[in-house]
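A short write-up of the structure that comes next.
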Protein chains: 2
Amino acid sequence: MENDAIAKSLKLYIVLSRAYKAINEHVNKVIQASGLNPTEFAVLELLYHKGDQPMQQIGGKILLASGSITYVVDKLEQKGLLIRVACPSDRRVTYAQITDEGKKFIQDIFPEHAAQIDRLMSSLTDSEKTEAIDLLKKLGLPAGKF
Amino acid sequence: MENDAIAKSLKLYIVLSRAYKAINEHVNKVIQASGLNPTEFAVLELLYHKGDQPMQQIGGKILLASGSITYVVDKLEQKGLLIRVACPSDRRVTYAQITDEGKKFIQDIFPEHAAQIDRLMSSLTDSEKTEAIDLLKKLGLPAGKF
DNA sequence: CTAAATTATCTCGATTTCAAAGTTATTATA
DNA sequence: TATAATAACTTTGAAATCGAGATAATTTAG
């Protein structure tokens, strides 16, 4: 029945939402204990792992409106964790660049962050995680969707 | 290596987040086109499918703070989609109850909502969906986690 | 029966996020 | 060049959410 197929998709949506929210709730606790909010952490981690980023691209990568980027970058700059750097070749562009203090901050936090995520994923075996990664990858790129 | 295991958990966290956000972005568009925001929709759908709910339990089921429940229920009440009903046996308790107008609203929206979710899940085969449901269920109940 | 503890809801203020409009710089067209 | 179109970033104001405290009702202990 086509109805069963739709019901299964709905079920998948529900368990996907639950899993994400359950995991995230705990991940965010660790982050917030560090004094940053989840968005600030995401920006700083992006800069740490991927290098300098133009302001606008930050929004694309962590799904944030342009107005919010300015706000978050302001906060992180005030805390001394990043600085704005003008782009030499295009004066419209400003890069966000992590500072040494910011790097130190991530280095302090990240191991516990990663360990927490690993704990939260421990209900799956190693090979189940591999399966789940493959399945979720397909869901993550809704190509010709509407 | 233990490090590979942690790396795999991190990878799973990333693809889980991406999948959820990608799906949700599109689901929310359909909901918002109906004139409700995602939270309002979640509350109304809960009442439609599960019947009257005490205010407090709404918060538990859709993960919302008590202060927010009052706000959302106010909005839905103003729109005539639900009403507050005093509990006869415990005067501290207020039930939220969907109105006929609210039911009609859900009946109008839900088929498209479900169809959209089904489209967004169409990158998985039926049996892959079953696999994904089983795996995500395990992730969704972080029992003795910290 | 009274006092204390608990429970349900609401109010209030702060935080976060977004959308829309504004500013400034660059690029394309004539 | 001008002029217009585009692009990057900022500002502003509103909406959503939360946390903490307030209010009111109920239950429990003594």
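Lettering of chains follows the sequences in order, A, B, ..., and the numbering in each one begins at 1. All values derive from a computational prediction rather than experimental measurement.
Residues B:I31 and B:N37 are not in side-chain contact: their nearest non-hydrogen atoms beyond the backbone lie 4.5 Å or more apart.
With no hydrogens or angles considered, a side-chain donor-acceptor pair links A:N24 and B:Y13 at under 3.5 Å.
Protein atom CD of B:Q78 is 11 Å distant from nucleotide atom P of D:dA16, rounded to whole Å. When the P atom of C:dT24 is taken as reference, atom CE of A:M55 falls 17 Å away, rounded to whole Å. Rounded to an integer number of Å, the gap from A:K21 NZ to D:dT17 C1' is 13 Å. Rounded to an integer number of Å, the gap from B:E77 CD to C:dT9 C1' is 13 Å. Between A:L63 atom CG and C:dC18 atom C1' the separation is 12 Å, expressed in whole Å. Put simply, CD on B:Q32 is 16 Å from P on C:dT17, counting in whole angstrom units. The CG atom of B:N28 sits 11 Å away from the P atom of C:dA19 (whole-angstrom rounding). Atom CD1 in B:I62 sits roughly 13 Å away from atom P in D:dA16 (whole-Å rounding).
Phosphate contact (OP1/OP2 of C:dT15, side-chain N/O of A:N37, threshold under 4.0 Å): absent. For the OP1/OP2 pair of C:dT16 and a distance below 4.0 Å, the side-chain nitrogens and oxygens of A:K75 include at least one atom meeting the criterion.
Between A:T39 and B:P54, it is B:P54 whose nearest contact on DNA chain C lies nearer the 5' terminus. Remark on DNA chain C: of its neighbouring residues B:Y71 and B:V93, the 5'-side contact belongs to B:V93, judged by nearest-heavy-atom nucleotide.
Checked for salt-bridge contact, B:E101 and B:K79 miss the test: no charged N lies under 4.0 Å from a carboxylate O. In summary, B:D134 and B:K129 do not engage in a salt bridge, as defined by a charged side-chain N under 4.0 Å from a carboxylate O. A salt bridge is absent between B:K50 and B:E45; no separation between the charged side-chain nitrogens and carboxylate oxygens falls under 4.0 Å.
Contact annotation for B:T94: backbone-only contact, meaning every heavy-atom pair under 4.0 Å involves sugar-phosphate atoms and none involves a base. Nucleic acid contact class of B:I69 (heavy atoms, under 4.0 Å, all strands): none.
Nearest nucleotide to the B:Q56 side chain, out of C:dT17, C:dT9, D:dA25: C:dT9. The A:R92 side chain lies nearest to D:dA8 when the options are C:dT9, D:dA8, D:dC18. When distances are taken from the side chain of B:D90 to each of D:dA8, D:dT26, D:dT17, the shortest belongs to D:dT26. Closest to the side chain of A:R84, from the set C:dA8, D:dC18, D:dT10, is D:dT10. Residue A:R91 places its side chain closer to C:dA25 than to any other of C:dA25, D:dT10, C:dT7. The listed nucleotides are C:dC10, C:dC18, D:dA25; the one nearest the side chain of A:S68 is C:dC18.
Rounded to the nearest 0.5 angstrom, B:N28 CG and B:H113 NE2 are separated by 9.0 Å.
Between the base of C:dC10 and the side chain of B:S66 there is a donor-acceptor pair shorter than 3.5 Å.
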